Amino acid sequence: MKRLCELSRLVGITTLLVLLGAVDPLSAQEAASAVGAFEAHGEVGKVLHAGSVQYDEEKKSYTVAGSGENMWLSADALHFAWKKISGDVTVSADISFLGSGGNPHRKAVLMIRQSLDTDSEYADVALHGNGLAALQFRDEKGGMTQEVQSRISAPRRVRIEKHGAYFTMWLGGANGEMEMAGGSPKIEFKEPFYVGIGVCSHDRDVVERAVFSHLEITAAPVNVAAKPAAATLYSVLETVAVDSGDRTVVYISAGRFEAPNWTRDGKALLFNRDGKILRLALGAGKLETIDTGYANRCNNDHGISPDSTWLAISDQSQEEHKSILYVVPIGGGTPRRITKNSPSYWHGWSPDGKTLAFVGQRNGDFDIYTIPVTGGEETRLTTAPGLDDGPEYSPDGQYIYFNSERTGHMQIWRMKANGSEQTQVFSDDYNNWFPHISADGMYMVFLSFDKSVSGHPENKDVMLRLMSLSDGKIKILAKLFGGQGTNNVPSWSPDSKQLAFVSYAIVPGGPSKGN
């Protein structure tokens, strides 16, 4: 008994109880002392060096010390200060690291977490030692961490918002105001959940420190009856790396834009907004409108010719506002009409640049057609009952990939370029749309809706999935809130390493969030 009392004095009664097996680590963690606005703090995951939290009541700031090897893949290791909350929540703080050097991937985070388990579901906004700001998340227990990297580096102030099951990242931009910077993953948390701040050194043998000042935590019940007029839609142009799945925000704006094309030289992205085709130079961030003449109601079916001299557009400004296929010079100019009949929606350009593939509605049926780029008679390639859509040529020009609901729900098919040998590529329970083949011919990406979703509507939980064409293996490239407008058209980078797409977020309130 004397030895037991002495041991308890040295290591603390809570730690002693853990060592003796009387209290599990999670309970011990929850027994840590309260600090400032937080109920408790402690280690999450395997940490070799204990962290700490110091609260300066006068400055209303928290200095968090944390170790831990990483917060990634299926396990996290960090020091975390938390409180339990239910409903919607917003957490904001100014964050700065103490000391220079250290691992460039060290993280100071604003975190919302289901549990204190190392592999728990979570979402956070992580400021890294090198200035990178990212929305990181694990949408199922034991799953892999994903992230959306912001275009804003080294923000002074960061914020994470939870609205229902969706999470968005907000950062203090150059103008000092908070800007919507990325989102919006869906994670279904059970209430209550953990909300707080934390630090991971990204080096298990090192303790790093970060200061969280002007911390604000606000919570409110989920407003399931919120009217659409009380919310703002944000469109987020993103790229995703095929090998890692890392996502990067390229451009973001309130309102809706759609369907990016990557230019053949890899230097810009095109997309449609408010009937116009816009060009965004990568890196410089300069946004330009391409002159399409009288064709001023362009929809989300557009693409660039193989030689980069022409742009195919689908426009609804003429003839009862039914979509007509045109081509215009890539730099802008007078549109030249291609299809006599309407509606017609462009989707593919043959590798030799001589033929366009499109979807046409004729006599009430949507089928796939081809037509010479010089104009002339259209050729019907599909006749099966049900909707056929999204035709796109393979890089060698031998096949056209498309999606068809001829078997009961939307699946991916392919056929010879002349319409023969129509074959289903694979079969599953999702509704799969818009197959796009990488320039090297190795991969196909497509958009997957739940089996309960009819058509390809906007504002749905969807997945971008990637198929290796050599072995037919499929993996999830990204989960997002999107659908119509996400990837209706070819959007591969010319080196086949990245894909461009648009995700969306619906956020309560107006487009300006202030400080």
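This structure is a prediction, so every number in the text was calculated from the model and none was measured.
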Please determine whether a side-chain nitrogen of the Lys or Arg among [X] and [Y] lies less than 4.0 Å from a carboxylate oxygen of the Asp or Glu.
X: R247; Y: E238; answer: yes
X: D428; Y: R465; answer: yes
X: D117; Y: K141; answer: yes
X: E161; Y: R159; answer: yes
X: D124; Y: R113; answer: no
X: E288; Y: K286; answer: yes

In terms of side-chain heavy atoms, does [X] have a donor or acceptor partner in [Y] at a distance below 3.5 Å?
X: H321; Y: R297; result: yes
X: Q484; Y: H456; result: yes
X: D440; Y: S438; result: yes
X: R256; Y: N459; result: yes
X: Y166; Y: D88; result: no
X: S308; Y: D265; result: no
X: T118; Y: D76; result: no
X: E258; Y: N488; result: no

Are [X] and [Y] side-chain neighbours, meaning at least one heavy-atom pair lies under 4.5 Å?
X: I437; Y: Y443; result: no
X: T239; Y: W262; result: yes
X: P494; Y: R264; result: no
X: E216; Y: R157; result: yes
X: P457; Y: F449; result: yes
X: L78; Y: V47; result: no
X: W82; Y: L116; result: yes
X: V91; Y: L215; result: yes

(request) For the residue pair Y251 and F257, categorise the inter-ring angle as parallel (less than 30°), tilted (30 to 60°) or perpendicular (more than 60°). (result) tilted
Polar side-chain atom of [X] near backbone of [Y] as donor-acceptor pair, under 3.5 Å:
X: E458; Y: G485; answer: no
X: R279; Y: L270; answer: no
X: E191; Y: G87; answer: yes
X: T486; Y: V502; answer: yes
X: S61; Y: S213; answer: no
X: N431; Y: V453; answer: yes
X: D315; Y: N296; answer: yes
X: S184; Y: A505; answer: no

Are [X] and [Y] an aromatic pair by the rule of ring centers under 6.0 Å?
X: Y194; Y: F80; answer: no
X: F271; Y: H302; answer: no
X: F167; Y: F189; answer: yes
X: Y62; Y: Y55; answer: yes

d(I476 CD1, M144 CE) to nearest 0.5 Å is 12.5 Å
dist M410:CE -> F446:CZ (nearest 0.5 Å) comes out at 13.5 Å
- Message: Run the salt bridge (Lys or Arg N to Asp or Glu O under 4.0 Å) test on E188 and K186 for me, step by step, so that the C-alpha distance in whole Å, both residues' side-chain angles and the decisive distance to 0.1 Å come before the verdict.
- Response: CA-CA 7 Å; E188 299 279 3; K186 182 180 182 181; 3.6 Å; yes
| said: Whether R209 engages the ring of F97 as a cation-pi pair (distance to the six-membered ring centre under 6.0 angstrom, angle to the ring normal within 45°) should be assessed. | reply: no
Side-chain polar contacts of residues 68-75 - donor-acceptor pairs under 3.5 angstrom, sequence neighbours left out - could you list them?
unit_1	atom_1	unit_2	atom_2	d
N70	OD1	K107	NZ	3.1
N70	OD1	H202	NE2	3.3
N70	ND2	H202	NE2	3.4

In short, L127 meets P155 closest at the heavy-atom pair CD1-CD, 3.8 Å
Report the C-alpha separation of N272 and N299 in whole Å, then their side-chain angles, then the decisive distance to 0.1 Å, and conclude whether the side-chain contact (heavy atoms from CB on, under 4.5 Å) test is met.
CA-CA 7 Å; N272 62 284; N299 58 45; 5.6 Å; no
Salt bridge (charged side-chain N to carboxylate O under 4.0 Å, His left out) filter on D139, not counting sequence neighbours, yields K479
Assess the residue pair I252 and L237 against the criterion (side-chain contact (heavy atoms from CB on, under 4.5 Å)); give the C-alpha distance rounded to whole Å, side-chain angles, the decisive distance to 0.1 Å, and a yes or no. CA-CA 6 Å; I252 187 167; L237 180 58; over 6 Å; no
R151 atom CZ, over 12 foreign heavy atoms within 6.0 Å: yes
